[in-house]
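Note that this is a predicted model, so its numbers are computed, not measured.
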Amino acid sequence: MSEATGEQTQDVPPFRYTAALANEIERRWQDRWEREGVYHAPNPVGDLAEGEVPGDKLFVQDMFPYPSGKGLHVGHPLGYLGTDTYARYHRMLGRNVLHTLGFDAFGLPAEQYAVQTGTHPRVTTEQNISIMKRQLRALGLGHDQRRSFATTDPDYYRWTQWIFLQIYNAWYDKSQQRARPISELIEEFRSGKRSTPDGRPWDELSKAEQQEVLAGYRLAYLAEAPVNWCPGLGTVVANEEVTAEGRSERGNFPVFRKNLKQWMMRITAYADRLLDDLDRLDWPEKVKTMQRNWIGRSHGANVYFRSGEHTIEVFTTRPDTLFGATYMALAPEHPLVDELVTDAWPEGTDERWTGGKATPKEAVAEYRLATSQRSELDRQEAKEKTGVFTGAYATNPVNGKQIPVFIADYVLMGYGTGAIMAVPGQDTRDWEFAEKFGLPIIRTVQPPTEDFSGPYLDDGPAINSANDSGLDINGLGVEEAKKKVIAWLEDTGHGQGTVQYKLRDWLFARQRYWGEPFPIVYDENGIAYPLPEDMLPVELPEVEDYSPTTFDPDDADTEPSPPLAKAKDWVEVELDLGDGPRRYWRDTNVMPQWAGSCWYQLRYIDPHNDERMVDPENERYWMGPRPEIHGENDPGGLDLYVGGVEHAVLHLLYARFWHKVLYDLGHVSSEEPYRRLFNQGYIQAYAYRDARGAVVPAEEVEERDGKFYYQGQEVFQEYGKMGKSLKNIVTPDEMFERFGADTFRFYEMTMGPFADSRPWSTKDVVGAHRFLQRLWRLIVDENTGEVRVTDAEPTVEDLRALHKTIAGVRSDYDGLRFNTAGAKLIELCNYLTKHYGAKGTPRQLAEPVVLMLAPLCPHIAEELWSKLGHEESLVRGPFPEADEQYLVEDTVEYPIQVNGKVRSRMTVPADASEEELRKAALADEKIAALLGGAEPRKVIVVPGRLVNVVA
RNA sequence: GCCCCCGUAGCCCAAUUGGCAGAGGCAGUCGGCUUAAAACCGAUCGAGUGCGGGUUCGAGUCCCGUCGGGGGCACCA
């Protein structure tokens, strides 16, 4: 059986472009590229400078990969190949291109492995990085390797810590809308320009009191904050890491709200700028929308409702509906509830309001207990509105009406003021509540129809909205009505216009080992001290056990104890921080994984600089604003950032925040890190399950007549991510072995639009392979290995085909349309094969084809280029230019339509005027016959396209 | 529940942005090479654009409705 394969290979011509030959070529060129440093991009200054740099530059970046130990599947490199192709194209055009790839190497998998096996996470991480580097190298990526690093390198995280200190030592000056050094704030306090909270002079405050005041301003601050404590993991998790069911995304353990002292980042100070500057970015609209929703700015008003001697403050985005407020609802946790609740039910209290209790106090206590016992899941899934009356009434400021005050769990303490004015006429939740509790419903916006039922949420003229104190908004639209009501509230002292955000401050601490330690120590009184720059980096200590202390997953009354706390010798240090040698205790938290990826683009620019995070001159060159190219509003940043849409909110928002702080403090010249963002699609794959629902190996499934079979049994197709559990993984290594890297690259880049997700199909890869074989054969004799190009002059037809392709391919590469660029190259190759397959290709045609292919398939292109007699690598071009004279045709064939349907065709000179086209079309026999002598009503002439006769 | 994206040959995808529905690949069919085969070569077949309306001289493209697939957010006042 196996003998057959041996005979097969004997028949293959010795110099055919096979996988084996491809592999040999690829390895050889990868070695040469590395040896010659062809992808090195010079900097203006510093250790990577080589004299004058070209003014024309391009900074391309892929989203930071985590070096997983599992190795890559064919879906992973998609983005890297896209940026590589784009970068190569621009490098060939003569631009200075910065493209490299580092590793976001702190993270949980290595730490969990350490917990299980005792292997140091650094060991695992370094192994994984070297595996990944080998795979990336085999793809033929044109990275400047000198600029690669991992976030776990002390040389890198030294600067992550340094940036943390910059943020810690800064505050947000609202009047100037920018961050300033904390020292300037202290000076304002000291000089009395700004008064302290209790009015005492600054220097009379104790150190602890001063620190407490400053903590209210610092952009990185310690706060007793409600956090998501997960005893099962032994750590606190961010909101984003908690599932809708109130459990940890990882491990699926219960998560409890608990007050703990934690590092926070005051990202909310930047909410407006983060929102407004989205307009200056060249990003997918989808991602901008997601960020806008996440920041969630809403304009509205805070309104004061008097209830006895208390004032209940509510936030509303619809102050125009104030006349329709028929009750109030407070979050059950609202602090005012205890004060408001009355001893007895007012006379005639509706039974539905009492929760079946004898007094409001009992009802409130009961309801609060019930609420606290319900899980997040229950509260979210509950469709039925619940609540109880507090016994208290409040006064609606616009009309003096007394309205009942309820507590209800659909009101959240964490949003707005934790209290709402309920307007059933214009709010679905309030409507449902009002119906259930028999509360009045007053419409204050006119619905479009008389028989409209339910709450009306859209715009319309205000009704029932006027009082005797000078407020009348009847007839006004929502926006105008809002403005007028806000003005009235402010004039009369009943409220004021405000802005609310959904965005919360960023919880910036993890109780883990494998992360950046904080450059902070505490004295015996718990006062925090930032370490001076010369004590950086604070390196991770060795520990015997990498796990945080975990607890019974259901025990909410436990406290975090991070692994670093176990390194006693490291935690307790004697330092001289200016007050002489004293004893301090290190912070035992580490930074979250986002920290390292918030600023890595800056380090790519100046990876070895040990004086600064990045030299300003280098930063300005690679990232500075270029208004002359990108318009006067250009914020600067990367020229192209490519990655999956899954990072639309968190990573991209956090990185923008850090970058803006660094900009405010004068460390960078760009206002945004990523000028242009592109989300590549995902490569997915089919998977198959048998009748029992068990997954079967996708590779062994056969298709017959639209049905699928595995070992003779019918199986059923589904579509999803590549992964072990679906048994549908295909690896780049398999593809290299069967076809070579260039074939793999070409297939992956041309199987569909870069932005779209699409299914992998191994059987289709052969198409790309055949194309490269054909192209190879145009230039190399398969039997002798000799170059078979000729000095023959190409025909005009040849040149038309060539230059049309050049123009198309250029614009496709520019627009990241690699699939259509590839199709155009195949088309040209097929044309050449047809005309010259038998007699050898004119050099004038062969060379441009090779050059145009180079961004997609660099190895085979280099090999052919060198066979064509060029000693220099084609990495820096040239790239063919289209000659206009071959792009215009002498004659054009026009379709002639009658009433939009093609009825005839004509060939006319390309420069025919509209009038000539019109005459020629009407003179056409078939058209004349169809018109039957009648005058056409209208003739539409679209130059270059068609003529349409309207009969 | 709300928001966003996508439905074009058996399959993956093009279509100068409102102007002749097909560039390219896979599969199929026919032929060549071969004792035979194909991860070889050549030729060829194939959809009126998910469905229903509308605007227009003209709609895959714009608008409305609907069905299907994917993604994001979610008692956010």
Side-chain angles (χ1 to χ4, degrees), chain A residues 4 7-8 11-13 16 18-19 244 284-287 289-290 293-294 296 298 300 314-318 321 329 379-383 385 408-412 414-423 427-430 432-433 500-502 645-646 648-649 682 684 703 705-706 719 738-739 743 746-747 750-753 755-771 773-774 777 782 808 811 817 819-827 829-830 833-834 837 893-902 905 936-940 942 944-951:
Chain A
E7 280 174 289
Q8 260 183 15
D11 283 1
V12 174
R16 171 166 292 174
T18 58
E285 229 15 78
K286 182 184 174 178
V287 176
T289 304
M290 282 164 69
N293 291 340
W294 191 262
S298 49
V314 306
F315 172 71
T316 176
T317 57
R318 294 292 303 273
T321 62
R379 271 178 85 159
Q380 280 180 22
E381 282 198 337
K383 296 276 179 280
K385 292 283 173 293
D409 68 2
Y410 80 94
V411 182
L412 308 177
Y415 189 78
T417 61
I420 61 161
M421 60 175 222
V423 189
D427 183 281
T428 312
R429 292 152 303 170
D430 297 346
E432 288 165 3
F433 192 90
Q500 277 284 334
Y501 304 90
K502 274 200 281 186
V645 72
E646 71 271 18
V649 177
Y682 297 106
Q684 298 191 294
E703 182 179 356
D705 305 325
Y719 183 55
R738 289 175 63 179
F739 304 105
T743 296
F746 192 85
Y747 172 69
T750 59
M751 62 193 282
D756 288 6
S757 291
R758 48 204 187 268
W760 177 266
S761 172
T762 299
K763 68 177 170 55
D764 289 2
V765 181
V766 68
H769 195 58
R770 284 182 193 145
F771 159 62
Q773 288 185 330
R774 240 175 294 143
R777 197 154 44 226
E782 286 190 326
S811 103
R817 293 185 299 271
N819 54 330
T820 48
K824 288 181 175 81
L825 290 171
I826 293 173
E827 196 180 359
C829 175
N830 291 350
T833 300
K834 190 170 189 170
E893 191 193 58
Y894 276 78
I896 311 172
Q897 298 181 334
V898 177
N899 293 336
K901 292 206 169 66
V902 180
R905 291 172 185 283
R937 282 204 294 152
K938 204 170 166 189
V939 179
I940 289 148
V942 185
R945 301 244 60 100
L946 51 61
V947 179
N948 186 15
V949 180
V950 185

Classify the nucleic acid contact of [X] as base, sugar-phosphate or nothing, counting any heavy atom under 4.0 Å across all strands shown.
X	answer
R16(A)	sugar-phosphate
S761(A)	nothing
E285(A)	nothing

Short side-chain N/O contact to [N] OP1/OP2 from [X], under 4.0 Å:
X	N	result
R770(A)	C40(B)	yes
R777(A)	C40(B)	no
N819(A)	A14(B)	yes
R758(A)	C11(B)	no
N830(A)	G25(B)	yes

- P-based separation of C33(B) from G24(B) [nearest Å]: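 Looking at atom P only, G24(B) and C33(B) are 26 Å apart.
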- Message: Check whether R774(A) reaches the backbone of G837(A) with its side chain - one donor and one acceptor, N or O, closer than 3.5 Å.
- Response: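 No: the side chain of R774(A) does not pair with the backbone of G837(A).
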- Message: Taking syn as a glycosidic torsion within 90° of 0 and anything else as anti, which one is U17(B)?
- Response: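 Glycosidic conformation of U17(B): syn.
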- Looking at side-chain heavy atoms only, is the closest gap between T833(A) and C829(A) below 4.5 Å?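 They are in contact (side-chain heavy atoms under 4.5 Å apart), so the answer is yes.
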